[in-house]
Participant: 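Before anything else, here's the structure in question.
No experiment lies behind these values; they were computed from the predicted model shown.
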Amino acid sequence: MNHNLFDTFAAKMQDRGTANFITTPEGAEYSYADALAKTERIAGALKGLGVNPGDRVAVQVDKSPEAILLYLATLRVGAVYLPLNTGYTADEIGYFLGDAEPALFVCMPASLESAKAIAAKTQCPRVETLGTKDDGSLMDAVAKAQAFTGIERRDEDDLAAILYTSGTTGRSKGAMLTHKNLRSNSKSLAEAWRFTEKDRLIHALPIFHTHGLFVACNVILTAGASLYFMSKFDVDTIITAMAEGTSLMGVPTFYTRLLQDDRLTPELTANMRLFTSGSAPLTAETHQQFEQRTGHAILERYGMTETNMNTSNPYDGDRIAGTVGMPLPGAEIRITDPVTDTHAPLPQGEIGMLEVCGPNVFKGYWRMPEKTKAELLEDGFFVTGDLALIDERGYVQIVGRDKDLVISGGFNVYPKEVEQIIDALPEVSESAVIGVPHPDFGEGVTAVVVLLPGQKLNESDVIKSLSGHLAKYKQPKRVFFVDALPRNTMGKVQKKQLRDEYKDIYSDA
């Protein structure tokens, strides 16, 4: 039996035939039959470029239908898809290529010269480009390639993708996701959220992230539904799309922006059946305001790069603001004492470390056996690093993050990565990076800096110094200067105290 995830998708694509798969606001359109045929030609090009089963294909391109077809073709040839945030800098890309050692790096046409230089340094053998209009050198190769109509055989535990997530030490970790991981989770979500061939998902998320790629696209492919594929979030386009759309997967920012528009009414959303939110906490206020304005209760869920989705508020039943619902079918969770190493479950209602288990949980971190051993336990449970409780109704509430992770605009920012660069500035003694509430981004990345005696530096100097080293979403929105950072008796910086002190700085943003 072939456990290649694409084998599952291909069967559905053949069955759907001329039904619509992807439509864009600009007028591009693929039926399922068209998309399936295009994956054959892209797969042929990949093979011609030397991509073999198990090879990594690194991709940093703007959002387009062809980018999704490249993902599918990569699965088809048995290779491992490695999406990279379009905001990553040359320094960051250099690390990923050096660590993952891909057989091919696909970049944006405008980045070709920079990409070639990085590839030369990291010994990446091939660089091709993909634009947003079915263009670029990869598409030139596709036009000349012999179609590959087969589907390479893969076992269920073979890798389908690697997604990098920042590490607390500053070194990014490659989460290894298998064909089984992705198949099981897309099936669970399609069933839990009642997706069928009649659905049309308004897709405004990025596709280098678990949410936009594996949750949104895989669920649609599993159900045989269709995508209205937007290049980015735009209120006007989404409002227009709701007339024919049935669902929207978003981050909290989507909903705060929609609530600012007077056109958001029950009449506007009459054709919609489901709004989901994830990647960052949704405030109870936003949840309540949206339901009052539209009659729809946003369905909030909880997932991670390493696990895809773990829990969800119910499709039928109460969607409780401030909770992420209950475990999805096949997933298990437990709340354990974060102080001890016993991993024994705590009584219901007590706050502890959230650990998850199931077919959705990743295989481990790429070339990091010690890190894998520390976080992926022998009994199959993964230590998420999130502090949570299970209330009397069985709903999970995320109450904090054990590792001071900042989630800004739906993207993970680990403070240590930012602090290391700030601390390297000659004027700086030390720094602490925290996340504090932000009305648009969920949390705003904020830096608190201590200067060396006699040194001078201002906020714009610090932010400017980061621009060539970190993606925009990781850069602080505000920088504050203090004489000393608060510490406990053991010398550990008290970030909770800093978060309390600066919690209102974005209240008028």
Side-chain angles (χ1 to χ4, degrees), residues 19-32 34-35 38 59-72 83-87 108-109 130-136 189 193 195 198-221 223-261 263-264 268-280 282 290 294 296 298-299 409-411 440-442 472-473:
N20 177 258
F21 173 40
I22 299 181
T23 303
T24 71
E26 294 77 26
E29 185 171 345
Y30 282 92
S31 69
Y32 270 101
D34 292 338
K38 188 77 169 228
V59 179
Q60 187 192 35
V61 298
D62 289 319
K63 186 176 178 181
S64 70
E66 290 73 32
I68 293 298
L69 300 183
L70 172 58
Y71 157 60
L72 296 175
L84 297 170
N85 191 318
T86 52
M108 296 168 277
L130 176 62
T132 59
K133 299 179 180 178
D134 198 13
D135 59 340
L189 291 172
W193 295 344
F195 272 88
K198 297 179 181 179
D199 275 298
R200 190 185 200 218
L201 174 68
I202 303 170
H203 192 303
L205 295 161
I207 55 172
F208 47 72
H209 189 274
T210 296
H211 194 173
L213 184 60
F214 298 145
V215 178
C217 295
N218 284 3
V219 165
I220 292 305
L221 283 158
S226 65
L227 291 167
Y228 186 67
F229 212 59
M230 299 168 56
S231 61
K232 61 181 180 179
F233 175 81
D234 177 76
V235 170
D236 290 338
T237 307
I238 284 183
I239 284 176
T240 300
M242 283 186 191
E244 296 182 2
T246 65
S247 58
L248 172 68
M249 295 183 188
V251 296
T253 305
F254 286 15
Y255 298 109
T256 59
R257 298 274 174 87
L258 285 168
L259 283 166
Q260 294 168 12
D261 197 296
R263 292 173 291 178
L264 185 68
L268 177 73
T269 60
N271 198 57
M272 300 288 289
R273 67 170 188 87
L274 180 64
F275 294 89
T276 70
S277 182
S279 299
L282 183 75
F290 196 86
T294 66
H296 290 274
I298 298 171
L299 186 153
F411 299 119
D440 266 350
F441 298 99
K472 185 72 174 177
Y473 71 86

Participant: What is the minimum heavy-atom distance between Tyr255 and Ser277, and which atoms define it?
Facilitator: CE1-CB, 3.7 Å

Participant: What distance separates Ser231 OG from His203 NE2, expressed to the nearest 0.5 Å?
Facilitator: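 Reported value, rounded in 0.5 Å steps: 12.0 Å.
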
Participant: As an exercise, state the distance from OG1 of Thr276 to CD1 of Ile298, rounded to the nearest 0.5 Å.
Facilitator: 9.0 Å

Participant: Tell me, with the steps shown, if Ile238 and Met242 meet side chain to side chain contact (heavy atoms under 4.5 Å, CB included).
Facilitator: CA-CA 6 Å; Ile238 284 183; Met242 283 186 191; 3.7 Å; yes

Participant: Taking the six-membered ring for Trp and the full ring for Phe, Tyr or His, determine whether the centres of Phe290 and Phe254 are under 6.0 Å apart.
Facilitator: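 That pair fails the under 6.0 Å test.
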
Participant: For the pair Asp236 and Arg263, find out whether any cationic side-chain nitrogen is under 4.0 Å from an anionic carboxylate oxygen.
Facilitator: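 Looking at Asp236 and Arg263, the cut-off is met.
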
Participant: Let's go through Leu213 and Asn218 carefully: what are the C-alpha distance in whole Å and the side-chain angles of both, what is the deciding distance for side chain to side chain contact (heavy atoms under 4.5 Å, CB included) to 0.1 Å, and is it a yes or a no?
Facilitator: CA-CA 7 Å; Leu213 184 60; Asn218 284 3; 5.7 Å; no

Participant: Less than 4.0 Å between a side-chain N and a carboxylate O, is that true for Asp135 and Lys133?
Facilitator: no

Participant: Any non-hydrogen side-chain atom of Leu264 less than 4.5 Å from a side-chain atom of Ile239?
Facilitator: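 When only atoms from C-beta onward are counted, Ile239 and Leu264 do not touch, as no gap falls below 4.5 Å.
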
Participant: Indicate, with yes or no, if the rings of Phe21 and Tyr30 have centres closer together than 6.0 Å.
Facilitator: no

Participant: If only atom types and distance count, is the side chain of His209 paired as donor or acceptor with the main-chain N or O of Gly410 below 3.5 Å?
Facilitator: yes

Participant: So, for Tyr32 and Leu221, which heavy atoms are closest and what is the spacing to 0.1 Å?
Facilitator: CE2-CD2, 4.1 Å

Participant: Between the main-chain N or O of Ala204 and the side-chain N or O of Tyr228, is there a donor-acceptor pair closer than 3.5 Å?
Facilitator: no

Participant: Could you give me the CA-CA distance, side-chain angles and deciding distance for Thr269 and Phe275, then say whether side chain to side chain contact (heavy atoms under 4.5 Å, CB included) is met?
Facilitator: CA-CA 10 Å; Thr269 60; Phe275 294 89; 3.9 Å; yes

Participant: Walk me through it: do Phe195 and Ser247 pass the test side chain to side chain contact (heavy atoms under 4.5 Å, CB included)?
Facilitator: CA-CA 9 Å; Phe195 272 88; Ser247 58; 3.4 Å; yes

Participant: Do you know the tightest heavy-atom contact between Asn85 and Gln60?
Facilitator: O-NE2, 2.9 Å

Participant: Write down the atom of Ile207, the atom of Ala67, and the distance for their closest heavy-atom approach.
Facilitator: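 Heavy atoms of Ile207 and Ala67 come nearest at CD1-CB, 3.6 Å.
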
Participant: Would the distance check show the side chain of Asp440 and the main-chain N or O of Thr253 forming a donor-acceptor pair, the cut-off being under 3.5 Å?
Facilitator: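 No: the side chain of Asp440 does not pair with the backbone of Thr253.
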
Participant: Rounded at 0.5 Å granularity, tell me how far OG1 in Thr237 sits from CE in Met230.
Facilitator: 4.5 Å

Participant: Could you measure the distance from the CD1 atom of Ile68 to the CG atom of Leu227? Nearest 0.5 Å is fine.
Facilitator: 7.5 Å

Participant: Which pair of heavy atoms, one from Ile220 and one from Ser226, lies closest together, and at what distance?
Facilitator: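 Closest approach of Ile220 to Ser226: CG2-N, 3.8 Å.
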
Participant: Taking the side chain as C-beta and beyond, is there a heavy-atom pair between Val61 and Glu66 under 4.5 Å?
Facilitator: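 Sidechains of Glu66 and Val61: no contact.
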
Participant: Please report the interatomic distance CZ(Arg200) to CZ(Arg273), rounded to the nearest 0.5 Å.
Facilitator: 14.5 Å

Participant: How far does CG of Leu274 sit from CE of Met249, to the nearest 0.5 angstrom?
Facilitator: 7.0 Å

Participant: Can you see which heavy atom on Thr294 is nearest to which on His296, and at what distance?
Facilitator: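 In this case the closest contact between Thr294 and His296 is OG1-N, 3.0 Å.
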
